[in-house]
Amino acid sequence: MREDVRSWFDRRTSRATDWQPSKLVDVKGSTRVSVVLPALNEEATLGAIVAAIRSRLVERHGLVDELVVMDSGSTDGTYDAAVEAGAKVVRREEVLTDFPPLPGKGEVLWRSLAATTGDVLVFVDSDLRDFTTTFVTGLLGPLLTDPAVHLVKATYDRHLVHGETVVPAGGGRVTELVARPVLNLHWPELSGFIQPLSGEYAARRSLLERLPFPTGYGVEIGILVDALRLVGLDGLAQVDLSRRKHRNQEIGKLGRMSSEILQVALERLRREGRIMLTAAPA
């Protein structure tokens with residue numbers, strides 16, 4: 001690891017347990033916090049996540065002001081499960097109605113800016129099977145205590161489940177085979193991010209509203225690279241959330257995800273004038 005990245009890692013990496021809800025409430029002041037859960041057919045897991053945030057962080061501590069599920073076209077019971085657990089549910093076509101909905105996670109995250117009012121937004125994936133509210137408090141900690149921080153990414157161990165076999169740190173295949181090599185080669189300043197594709201992150205609205213959101217799975221690497229350009233490495237931080245267990249994807253879908261990530265990376269390199277493409281990726 002480069003010396004400047006190591007220095008950043010030491011200064012800008014914390015643990016979720018460093019940030020207790022009561023302490024964050026004391027420093028929150030007038031800052032408005034929105035938690036956003038993008039969801040597509042997550043009936044099995046979403047309700048428990050919403051209920052935990054509602055009970056502990058909205059009602060008990062008053063740390064979260066707004067809890068929004070952004071429904072990306074679910075066909076199962078996701079909508080009803082979220083409402084029953086206490087979330088405000090917004091269907092993607094209900095906001096920014098001048099723009100027809102497009103498929104993809106990034107597109108619904110972009111629409112969430114119009115569906116929320118928070119000064120700080122926390123994004124949490126809806127397929128987590130071992131969610132605790134430390135995911136939210138950990139990501140909020142650096143933003144509520146340090147005005148120089150604009151974006152906080154989660155890091156964790158990712159399990160890989162194959163049948164009855166669980167490999168504790170075997171997940172994150174696209175990260176290790178695609179995202180990390182690309183970042184190490186072209187944006188080595190970001191090599192200190194252990195989980196650059198994590199779906200759990202928080203940011204200031206003032207930054208998010210300046211970012212272009214790729215429509216698909218390349219949204220996370222796009223946001224990270226663009227944030228580096230806008231606020232610099234010292235404007236970024238990461239928090240160790242210990243572990244993350246979610247639904248692992250089959251290999252064909254991982255291939256499509258990898259392609260979208262590479263397209264976004266190539267487009268960023270083109271915009272920076274470091275490569276020339278005959279046709280810019282979508």
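- Looking at Ser74 and Tyr79, their side chains never come closer than 4.5 Å, going by heavy atoms from C-beta outward.
- Put simply, the side chain of Leu139 does not reach to within 4.5 Å of the side chain of Phe123, judged on heavy atoms.
- No side-chain heavy atom of Val219 sits less than 4.5 Å from a side-chain heavy atom of Val264.
- A heavy-atom distance below 4.5 Å is found between the side chains of Trp187 and Leu269.
- For the pair Leu140/Trp19, no side-chain contact is recorded, criterion being any heavy-atom separation below 4.5 Å from C-beta on.
- A donor atom on one side chain and an acceptor atom on the other are not found under 3.5 Å apart for Arg2 and Ser191.
- Contact of the Ile49 side chain with the Glu42 side chain is not registered, since no non-hydrogen atoms from C-beta on lie closer than 4.5 Å.
- Two residues are said to be in side-chain contact when any heavy atoms from C-beta on lie closer than 4.5 Å; Arg12 and Val149 meet this criterion.
- Counting only heavy atoms from C-beta outward, the side chains of Glu200 and Asp125 approach each other to under 4.5 Å.
- Between Asp146 and Arg11 there is no salt bridge, since no side-chain nitrogen of the basic residue lies less than 4.0 Å from a carboxylate oxygen of the acidic one.
- With hydrogens and angles ignored, the 3.5 Å screen pairs no side-chain donor or acceptor of Asp65 with any backbone N or O of Ser34.
- Heavy-atom contacts from other residues, nucleotides or ligands closer than 6.0 Å to CD of Glu84 number 12 or fewer.
- Counted by atom type alone, Gln238 and Thr13 present one or more donor-acceptor pairs between their side chains at under 3.5 Å.
- Around CZ of Arg15, the count of heavy atoms belonging to other residues, nucleotides or ligands within 6.0 Å does not exceed 12.
- Taking the six-membered ring where the residue is Trp, Tyr156 and Phe135 present parallel rings, their angle staying beneath 30° rather than reaching 60°.
- Each of Leu37, Leu57, Thr116 was scored for a side-chain contact (heavy atoms from CB on, under 4.5 Å) with Leu67, with one residue passing: Leu37.
- In the hydrophobic cluster analysis, where Ile, Leu, Val, Met, Phe, Trp and Tyr join through side-chain heavy atoms closer than 4.5 angstrom, Tyr201 is grouped together with Leu230.
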